[in-house]
Every structure is written in C-alpha cells, then in structure tokens.
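So that the names make sense, note that chain A is the first sequence line, chain B the second, and so on, each numbered from 1.
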Number of protein chains: 2
Amino acid sequence: MPTPPAKRPTLADVARASGVSVALASIVMRGAEGASEESRSRVKQAAAELGYRPDSRARSLRSSRSRTIGLALALGEPLHAELADALYEQADQNGFEIILGATGRHRDERRVLNTLIDAGVEAVIGLFPELPPAQLVHASKQLPIISLLRTIDGIPSVITNEAAGVEQAVSHVAQLGHTRLLHLDGGSAIAAQQRRDAFAESAARANAHGQVLPAGPDDATAFTVLREYLEATTPAERATAVLAFNDRAALGARQAIDLAGLHVPEQICLVGYDDSEFARLAHADLTSVRQDVAALAQAAMHAALNAPGASSTHAPQLVVRGSTARPRA
Amino acid sequence: MPTPPAKRPTLADVARASGVSVALASIVMRGAEGASEESRSRVKQAAAELGYRPDSRARSLRSSRSRTIGLALALGEPLHAELADALYEQADQNGFEIILGATGRHRDERRVLNTLIDAGVEAVIGLFPELPPAQLVHASKQLPIISLLRTIDGIPSVITNEAAGVEQAVSHVAQLGHTRLLHLDGGSAIAAQQRRDAFAESAARANAHGQVLPAGPDDATAFTVLREYLEATTPAERATAVLAFNDRAALGARQAIDLAGLHVPEQICLVGYDDSEFARLAHADLTSVRQDVAALAQAAMHAALNAPGASSTHAPQLVVRGSTARPRA
DNA sequence: CACTAAATCTAGAACGTTCTAGGAGAGACT
DNA sequence: AGTCTCTCCTAGAACGTTCTAGATTTAGTG
C-alpha cells in the first residue's frame, strides 16, 4: 500500500469547527490570556476531536519560541546517554522539547550544530569534543550555546571539576598504600589534558611516583598500550595502580592485565572514570569517578533557558568498588 | 555576558545584496533550473559572504520538502548507534538531514514520534520497541513511517531474519557437539518472541535439547537468572551452551558463569547477538550473530524516501569468536 | 442612562521560504 | 513586420502560526 498522505488539521480547521477566529483559537492553544472559559473549552474540545497538534515549524517561524532545544552528542557514549536522559527530564519540567543531533564518524560536529540551529531550536546544549571554539563562539551570536563537559572560552560551559575527580582517585589508591601510579591518558579527547595535569599534581602531592602513558578514550588503544607496558617492565618497577581515562579504556586495560596473568585488585588495581554502565558490567566491578549527571544536566538546562552566560563546575564523586585494594604485602 | 541575538541573514538579504529578486535567489539556493550562470554565481557569492543558510522551518513549511528525516532510537543501545551511523551515511548520499529523537526512561515513544513529526520531518524511521502498532499506523497516514527491527502490521518494516540468525547460532554449537542448549530470552523486548520460537525449532531440528529461561535484554537480569540456574542444576544435567538474547545479556551471563567457577568456552560456551562493541570488548571475545547494519540502513532509507510500503528482511551472519568451542570430552 | 474600564474577540500583517503565473527580451522562422 | 519559442527573471500568494492593534461586548460607576 502506498502511503496516501492525509492532511493534518490546522488551526483554521479548529477555529472553523468551534466557530471562533483563528486568532482566538491560537490564544487558547498556547494558553495565553484573553479568552473566556467558555470559548476555551469549546476550542479545546474541537482540537481534541480533530486530533489537532500545533505545527512547530510555523509556530517557531513566527514567534521564535519553538520551545525546543537542541542537544548534540555522540551516540554510543554511555555518559552522553545518561546526560541526555537527565536533560530530557529537565526539559519536561520546563515544558521544552529536545531534538538530538549525533556527532560521529559520518557527521562532523559543525554540520550537526547547523542542522540543529536550522531546525529552529531556541538553544543548543552541545557535547562537542572537537569543534573549533571559534565556530561555537560565532554561532552563539545567534542563539545561546552551552558547552557541556568541555570548557570553551566565550561560551558558557558546564563542566566537572576534573582536578577534584582525579585527586579523589589518586588519594584513594595512595591511601591504600600504592606508591607507583600509572595514568592511561585520553589522548586528544575532551578533558584529557586536565586529567593528565591533575594526575601529575595529585601524584606529587601524595608523594607517589606518577607516570603518564599516552593512550586514548577507547578500549582498544588502552589494551595495546598497557600490554606493551606490562611486557616492557619488570614486576618490581611496575606500577601497582592504573588510572584509566574512562571506564571503556579501563575495560581494555583490564583485558591486558588479565592477559599478562595478573590479578585485579591484588596485584594491580584499576580505576575508571565516569561510572558508566561499563563500570558495573560483567567482570569489571570498577572503582570509578562518577560525574554528577543530574547536576550537570540541571545546570546546562538552566544556562540554556534562563541565565545566558552562566558557566558552572560540578564536583564528581569517587565510587569505590572491587577493582581497588591494598597492594599485596 | 548576556547573549545578544544577532539576526541571521535571510533570503531577502541575499537578494538585495546581489541585486536580484527573492524568487530568483530562491531558485539559485535550491539549485532549481531557470537562472543564468551569471546570476547563479553572483547570488552564491553574496550568500557566502553573508553567511546565509536557508531556514529549514520556513522551507519545509512552504514546500513540505524539508529534506529531513526523523530517526527514533534508544540511547545507549550499541546496535542503535551503529544503525544511526549507517543511516547518516545513507542520508548524506541522498542529500537529507537526520534529526534524532531518543526514547528512554523519561520520554515515551509516542511523544518522541510526535516531536519528530511536529518538527517537520518528511518521514520517520523508528526503532520503537513498545509503541502500540495502532499509533504508528495512525501516524503513517500523515507521512511515511518505517519500523526498523520490528515487524508491525500495516507499516513497512525492515527487519533481520531472526529465524536464520538463531538457526546459525544453534547449528554452530550443535555441530561443535553440544546437545543441551539454553536460551536466555529477551522477555518482552523487540524480536524476543521470534528468537524464542526460532530457538525451539532450531534445537529440535538439530536433535538437541533446548530450554528457554525467561530473562530480559539487560545484563543484570541475565546475570541473576543464569546464576540461579547454575545453582539449581548439577553439572550433569546442565546445558553446555548458552545463547543470550543479545551481547549485553551475554556479558551478564558471562559474569554468572565466572562466578560459578566455570570456564568459557571449555566447560560452557556462550553466544551473543548483535555483534555490538560488547562482543569485542574486554574478556568477552563473544561469538555473536551480526545483523547486517549497512543493508538494514540502506533498505530503511530507501523505503522512507522512494518506495513507501516496501518491507524487507535481511540475513544476519554468525561471527565466530573465542566463546564457543567443542565440549570437553 | 451615559460614560468608562475591563474583558473578550477578530482582522490582517508578519515570519522566511517556495511556487504559480506570467512578463520582458532575444533570436528564429514565416 | 509579425509571431513563436526560448531563456531568464519577478510579483505576489501561500504554508500555519503568532502578534499587534483595534473592534466589540460586558460590567461598573456615578
């Protein structure tokens, strides 16, 4: 069966059916003041009967109030999914809709940003790992743009206090008695630089020896890098605690550790980052740094809707699980 | 700094700057015929200088050709992410944009569908696990709706041949010599019913004993259910091959197997479904049934754009990895 | 009852595009 | 010259809303 496109009812249809003007029907539909109770109920009933739903294109074209905000994220990132879920909840409370754009292999970030803007959103909340800041600053002259998880000069940014997160992780393992620490970094990923710097500082502060191994945000790179490290070092010189850039990388690291015949956490312990589903998953039971998703979402939505220009930083919280313990005597 | 919204350039601005009418500028911008080469380049240059981008709301309002299609999916599902990526590629080739709507804890599927429709998409491709068919059928009177991975009467559906996938998995382990098979099913998840039925048939056909254990599409349920099974059975009566509903569930199953002190694949072997990133992840090395993402995406896009009403079924492919082997003698 | 204030309603322009219908010029052919 | 057929261009309506400004009704007051 070919699809015969049935025309959807318009505001004019509703007005005609309820015997009022289009303007009044509009007033009723958007809940503005200036209509009597009687016409209100008449119009609403007609709308319900016809199955009328306002056309958000026309609405936003005319009023520049689409009550829609755009969210750019990477699919397949558990943390992004969590944030999106929390943002949906926030949007609900404010009577807003959310439209998503996915960055990924086949869609560069600028394009995603433009698609969202062209679709008529009132603001964009973006998880843009790589988009040049200049582009965001430029776009922010047209509408509010909030950068989530990444600090961008000139753009309100809602981020986690990376230094605090790394510090919690480092001091946790240091207090357990570990003195040789390894950080598998995130390469050029978002926040990788801050975590790298924070790691060096925190290790020094804890009187531990901290080494950074260049890696990346994925499990494959972490696996390869750590395997080489384990092959190239003797047990005596080896680090006894590994801080991965994120949970995914931690799983890759875990694979390398298992392959080398070492036991977690007795011989080497492992800390992830993000406390995503990976951390709780099979085998892993990862100690991980949890970002405050709810607070991040709330702050981002608030910045997008009410307080343009309000950056904020949110404290993470270390979640201790089974992948960290005292070093074996 | 509050954000001073700078007005974005309109087609009228472009027309004025290049000394032609709005209508002609429109012709040039959308690449229609009826403009001389000279004015074409003049308009294009003016547009570039002003940084003009067409307003897709106005465009789609007027022409009902927004060149945008809506995609509804669940965030955090690796398979959905893969499909989205492939669909983006398809959309690119057809000069279409994609906007996403996420179903999830805080956003029911009907709402997502409506948001996409109201945003003016020309068609919707939907991964709707639970939406009542009637709603989709109703919406499909307004615009083409394609159901992906789920058969829905009255709606063109692009799906995987579940029976074939399960058959490949079952006959693989049967040929390895396993005769007691267990299926951790997907509960009420999409395609769960088909896989359940196919499992029973395939097991019978292979002269194997097939038992179905009610579970769900997540790793936690699979873990719990399998742990109880392993505790309640003796090694002699136990199944030696487990087919999980998907890779995520397989990881949960894996956790239960490890906890019971059993070895994969020597003592018990494990097959996943979807061949998602989970299957390749740390520890897992899962044999899994790969859905043909590229073909599914292409068929869905084709159905959405060109051939309303064209359902299709696509063959999956078993990917053999390290989690399956001959039973120990 | 006249006059004003408030409440309720409506006509019509506007948002930024596309599309229809037609006009102006330039050759080409009787 | 006239007529035809092209190609190139443009005016203005239309899409479905919101919004401004004013019209009409109702209620309130002396």
Side-chain angles (χ1 to χ4, degrees), chain A residues 5-44 46-47 50-68 97 117-122 142-143, chain B residues 5-44 46-47 50-68 97 117-122 142-143:
Chain A
K7 254 199 47 171
R8 79 188 249 167
T10 140
L11 199 50
D13 298 328
V14 174
R16 200 172 318 113
S18 49
V20 302
S21 72
V22 174
L24 184 55
S26 167
I27 286 175
V28 172
M29 288 319 291
R30 75 192 120 99
E33 57 179 19
S36 68
E37 273 318 314
E38 200 222 321
S39 16
R40 246 176 237 288
S41 65
R42 212 141 42 101
V43 169
K44 275 183 184 157
L50 293 175
Y52 169 78
R53 284 206 322 273
D55 184 313
S56 73
R57 299 166 301 179
R59 177 174 270 190
S60 99
L61 179 59
R62 175 59 236 237
S63 67
S64 62
R65 300 294 338 252
S66 58
R67 298 203 79 77
T68 298
E97 289 291 346
I117 294 176
D118 294 348
V121 300
E122 285 184 38
Q142 273 181 30
L143 78 175
Chain B
K7 254 199 47 173
R8 80 188 250 168
T10 135
L11 199 50
D13 298 328
V14 174
R16 200 174 316 114
S18 48
V20 301
S21 72
V22 173
L24 183 54
S26 167
I27 287 175
V28 172
M29 288 319 293
R30 75 192 120 99
E33 59 180 16
S36 69
E37 272 318 313
E38 202 222 322
S39 19
R40 248 175 235 286
S41 65
R42 215 145 38 101
V43 169
K44 275 183 184 158
L50 293 175
Y52 169 78
R53 284 206 322 274
D55 183 312
S56 71
R57 298 166 302 178
R59 176 174 272 190
S60 96
L61 180 58
R62 176 58 237 235
S63 66
S64 61
R65 303 290 340 249
S66 58
R67 299 204 78 77
T68 298
E97 290 290 347
I117 294 177
D118 294 348
V121 300
E122 287 185 34
Q142 273 180 29
L143 79 176

>> Regarding D:dT17, can its base be found pairing with the side chain of A:Arg62 as donor and acceptor, where the two atoms are less than 3.5 Å apart?
In response: no
>> Test your reading of the model: is there a side-chain donor-acceptor pair from B:Arg53 to the backbone of A:Asp118, 3.5 Å cut-off?
In response: no
> Given C:dT18, is OP1 or OP2 found less than 4.0 Å from the side-chain N or O atoms of B:Ser26?
Replying inline: yes
> Just to confirm, is there a sub-4.0 Å distance from OP1 or OP2 of D:dC15 to any side-chain nitrogen or oxygen of B:Ser63?
Replying inline: no
> Rounded to whole angstroms, how far apart are CZ on B:Arg30 and P on D:dC9?
Replying inline: 14 Å
> Between B:Arg16 (CZ) and D:dT10 (C1'), how many Å, whole number?
Replying inline: 16 Å
> Donor-acceptor pair, A:Arg59 side chain versus A:Pro54 backbone, under 3.5 Å?
Replying inline: no
> Where do A:Arg30 and A:Ser26 come nearest, in terms of heavy atoms and distance?
Replying inline: NH2-OG, 2.8 Å
> What integer distance in Å separates A:Ile27:CD1 from D:dA21:C1'?
Replying inline: 12 Å
> Judged by atom type as modelled, is there a donor-acceptor pair below 3.5 Å linking the side chain of A:Glu97 to the main-chain atoms of A:Thr68?
Replying inline: no
> Is a side-chain donor or acceptor of B:Ser18 paired with a backbone partner of B:Arg42 at a separation under 3.5 angstrom?
Replying inline: no
> Taking the nucleotide of DNA chain D with the closest heavy atom to each, which residue, B:Leu61 or B:Ser36, is nearer the 5' end?
Replying inline: B:Ser36
>> Just to be sure I understand the rule, does A:Ser39 reach a base, reach only the sugar-phosphate, or reach nothing, if contact means heavy atoms closer than 4.0 Å?
In response: sugar-phosphate
> How many Å lie between CG on A:Leu11 and P on C:dA11, as a whole number?
Replying inline: 13 Å
> Between A:Arg40 and C:dT8, does any side-chain N or O lie under 4.0 Å from OP1 or OP2?
Replying inline: no
>> Reading DNA chain D from 5' onward, which residue's closest nucleotide shows up sooner: B:Ser21 or A:Arg59?
In response: B:Ser21
> Between A:Leu24 (CG) and C:dC9 (P), how many Å, whole number?
Replying inline: 5 Å
> A:Glu38 has an atom CD; how far is it from atom C1' of C:dC9, in whole Å?
Replying inline: 13 Å
>> Rounding to an integer number of Å, can you tell me how far B:Met29 CE sits from C:dT18 P?
In response: 9 Å
>> Can you measure B:Glu33 atom CD to C:dT18 atom P for me and round it to whole angstrom units?
In response: 16 Å
>> Using the side-chain heavy atoms of B:Ala23, tell me which of these nucleotides is nearest: D:dT17, C:dT18, D:dA11.
In response: D:dA11
> Does the side chain of B:Thr10 get closer than 4.0 angstrom to OP1 or OP2 of C:dC15 through an N or O atom?
Replying inline: no
